[in-house]
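Heads up, the thing below is written out as structure tokens.
Being a predicted model, the structure only gives us computed values, none of them experimental.
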Amino acid sequence: IPNLGAKSAKTGSQDKQQYVCPFCHSKRGLSLMGLRSVSEISVSLSQMFSSQFNDDKKALAFSDNVQDAAHHAGFFNHRTWRFGLRTAIQEYSATNTGLVSLDAHKAASDARLHADKVNEIRHLSNLVLVLLLTFGGGSVKRNGVYDQVVAALEGRDLVEFWGIEANPSVETLREAIALGKERKVDFLLAVGGGSVIDGTKLIAAGLLYDGDAWDIVLKGQAGKTVPLATVLTMSATGSEMNSGAVISRYETKEKYAFYGDYPVFSILDPETLYSLPKRQVACGLADTFVHVLEQYMTTPHQSRLMDRWAEGILHTVVEIAPKALADERDYDTMSEYMLSATLALNDMIRMGVTQDWATHMIGHELTALHGLTHGATLAIVINGTLRVLRGQKRGKLLQYGERIWGIAGGSEEERIDRTIAANEAFFRSLGLSTRLSEEGIGEETIAEIERRFTAAGDRFGEAQNVDGAMARRILEACL
């Protein structure tokens, strides 16, 4: 670490303090401001971080108090964003000699601010020798994310694997594991939505496992894993900030969850959502909403804080859904959608409360048997779950109706009826089916799901009472 202390210089009979830059040796190129002046330091930091000559942006804060250091870091972050904005405006102005409208100026400056998100992956440790990039289809090439990722990782030993399905299959992931073992991969970067990330979690576990990857899924828990990170391009599953994954086996029409490791880091840029079809956005919103309900719609009076956090996400999804579907290029709306999806399933709102997940387990079977998009299955099944288990969920249904849908008048039974109706109407407003019959699903599928639950001895729900027979009742209530 260079010595940035003052150096004395004699001029006549007086001593003068000179702060000499250790790099360019300028006697006036370095200024140290009062170290207790957080505001002044934030200005200094912003200048260093926005400099085109600083290609390794880091700041080390030293303090004898952890709380002080954390507070100062937050203050720096809040103060310096405007200086980044000024730099973006300055750069754009410097490259344009003609007259530019204010609208064009704003759009270009915003683009410069947002375009560097993916580029942050260039800071991956040099200890990473061989990096496996995993993808789904070709959407990341069409929206420009692929080019950004490859440019940011220029000079590294990259291996690409394409073709992870919307419901990632173990059959495909076995190929990726074999490739990774052959190339001795020591880090993975999933570029895509929740399905790509889920699949990459199994690859990460399979690279250090000698048996078949499906064994890991059946065990429900991975052992050692290769570290992974993500560049998210589709929000729904929250997989970018949790350890769970759901994997299908196409040859037997099975679909199960397992738990691996958390991503080392994830890059979330709302602009990557701009190119998504509206049905994908609708299914993502449904998935986010039901993730919250699975943790919220259980036992009342467990945690005021968990309830309020959950309700905050539910309110946000309800408010932004029309905007997200009407104008998918609204940055602020897509930011709220992206963050809601992450917070809905990142372990935050489940602390100290019972959880359900019966709707998800039934939905997985519908996907395995019919290929129906996960979010679309949830929009159907959650309504049947609430109808059949309304007595068990009575307290939370009344709370949900009042706090989310403003249903306060009438008898408790009437309020519950109206709450369940409002819940179904929300999924209808997304343009999704809420009945099995709309998807051509009937008795044959119901019987098969009942058989599967019974054969496996599965019991889900906060009361562990959703077995094969209860799953049948819930599905029948969805017809």
Side-chain angles (χ1 to χ4, degrees), residues 114-125 128-169 172-173 175-177 179-180 183 185-207 225-247 260-277 280-281 284 287 328 334-335 337-339 341-342 346 374:
H114 300 150
D116 202 45
K117 290 185 180 70
V118 173
N119 200 37
E120 289 301 314
I121 59 178
R122 72 185 187 277
H123 296 306
L124 270 175
S125 169
V128 175
L129 299 178
V130 184
L131 181 64
L132 176 63
L133 306 179
T134 58
F135 305 95
S139 62
V140 293
K141 286 193 172 180
R142 293 190 294 273
N143 62 20
V145 173
Y146 172 80
D147 291 334
Q148 290 178 333
V149 169
V150 172
L153 295 172
E154 184 179 4
R156 292 183 178 270
D157 189 355
L158 304 180
V159 182
E160 296 184 12
F161 182 84
W162 292 81
I164 297 178
E165 305 92 341
N167 292 297
S169 73
T172 297
L173 300 176
E175 298 175 19
I177 292 169
L179 175 63
R183 295 293 301 272
V185 166
D186 57 1
F187 198 94
L188 298 104
L189 182 66
V191 184
S195 295
V196 173
I197 299 171
D198 280 9
T200 305
K201 288 177 182 177
L202 186 60
I203 298 170
L207 288 174
T225 63
V226 172
L228 68 99
T230 81
V231 176
L232 186 67
T233 62
M234 166 63 195
S235 290
T237 68
S239 194
E240 66 279 2
M241 200 175 173
N242 64 48
S243 61
V246 182
I247 307 297
D261 208 350
Y262 290 81
V264 177
F265 66 84
S266 291
I267 294 175
L268 284 69
D269 182 356
E271 291 186 348
T272 62
L273 306 182
Y274 289 175
S275 59
L276 293 176
Q280 269 191 280
V281 174
D287 200 0
E328 59 275 8
M334 288 308 186
S335 297
Y337 164 34
M338 187 169 256
L339 186 57
T342 299
N346 72 339
H374 178 59

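In this structure, the separation between CG on Asp269 and CD on Gln148 is 7.0 Å, given to the nearest 0.5 Å. Here Leu202 contributes atom CG and Thr134 contributes atom OG1; the two are 11.5 Å apart, rounded to the nearest 0.5 Å. The line from OG of Ser275 to CG of Asn143 is 4.5 Å long, rounded to the nearest 0.5 Å. From Ile203, atom CD1 reaches atom OG1 of Thr225 across 12.5 Å, with rounding to the nearest 0.5 Å. Here Ile247 contributes atom CD1 and Asp198 contributes atom CG; the two are 5.5 Å apart, rounded to the nearest 0.5 Å. For the atom pair CG of Leu276 and OG of Ser139, the computed distance is 7.5 Å after rounding to the nearest 0.5 Å.
Side-chain contact between Arg183 and Leu132 is absent, with no heavy atoms from C-beta onward closer than 4.5 Å. You'll find the side chain of Val159 reaches within 4.5 Å of the side chain of Val130, heavy atoms only.
The two residues Thr237 and Gly194 come nearest to each other via the heavy atoms OG1-CA, 3.3 Å. For the pair Ser335 and Pro270, the tightest heavy-atom approach, listed with the atom from each and the gap, is OG-CG, 3.3 Å. Nearest approach of Ile197 to Gly192, heavy atoms of both residues: CD1-O, 4.2 Å. When every heavy atom of Ala204 is checked against every heavy atom of Leu228, the shortest pair comes out as CB-CD2, 3.8 Å. Contact detail for Val264 and Pro227: the closest heavy-atom pair is CG2-CB, 3.9 Å. Annotation for Ala341 and Ala236: closest pair CB-N, 3.8 Å, computed over non-hydrogen atoms.
Partners of Ala229 by side chain to side chain contact (heavy atoms under 4.5 Å, CB included), not counting sequence neighbours, listed by chain and number: Phe187, Leu189, Phe265. Annotation: side chain to side chain contact (heavy atoms under 4.5 Å, CB included) contacts of Asp147 (sequence neighbours excluded): none. Not counting sequence neighbours, the partners of Leu158 by the side chain to side chain contact (heavy atoms under 4.5 Å, CB included) test are Leu131, Leu133, Leu153, Arg156. In this structure, the ring pair (Phe, Tyr, Trp, His ring centres under 6.0 Å) partners of Tyr146, at least two apart in sequence or on a different chain, are Phe135, Trp162. For Asn346, the side chain to side chain contact (heavy atoms under 4.5 Å, CB included) partners are Met241, Leu343, Met348, not counting sequence neighbours. Evaluation of the salt bridge (charged side-chain N to carboxylate O under 4.0 Å, His left out) rule for Asp261 yields no partner, not counting sequence neighbours.
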Can Phe161 and Thr200 be said to form a side-chain contact (heavy atoms from CB on, under 4.5 Å), step by step?
-> CA-CA 10 Å; Phe161 182 84; Thr200 305; over 6 Å; no
Worked verdict on Val196 versus Met234 for side-chain contact (heavy atoms from CB on, under 4.5 Å) = CA-CA 10 Å; Val196 173; Met234 166 63 195; over 6 Å; no
side-chain contact (heavy atoms from CB on, under 4.5 Å) between Leu173 and Ile164, worked out = CA-CA 7 Å; Leu173 300 176; Ile164 297 178; 4.1 Å; yes
Give the C-alpha distance, both sets of side-chain angles, the deciding distance and a yes or no for side-chain contact (heavy atoms from CB on, under 4.5 Å) between Asn242 and Lys201.
-> CA-CA 11 Å; Asn242 64 48; Lys201 288 177 182 177; 3.2 Å; yes
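Here the side chain of Thr342 pairs a donor or acceptor atom with the backbone of Met338 at under 3.5 angstrom. Side chain of Ser266 to main chain of Glu240: a donor-acceptor pair is present (N/O by atom type, distance under 3.5 Å, no hydrogens or angles). The backbone N or O of Ser169 lies less than 3.5 Å from no partner atom in the side chain of Thr172, so there is not a single donor-acceptor pair.
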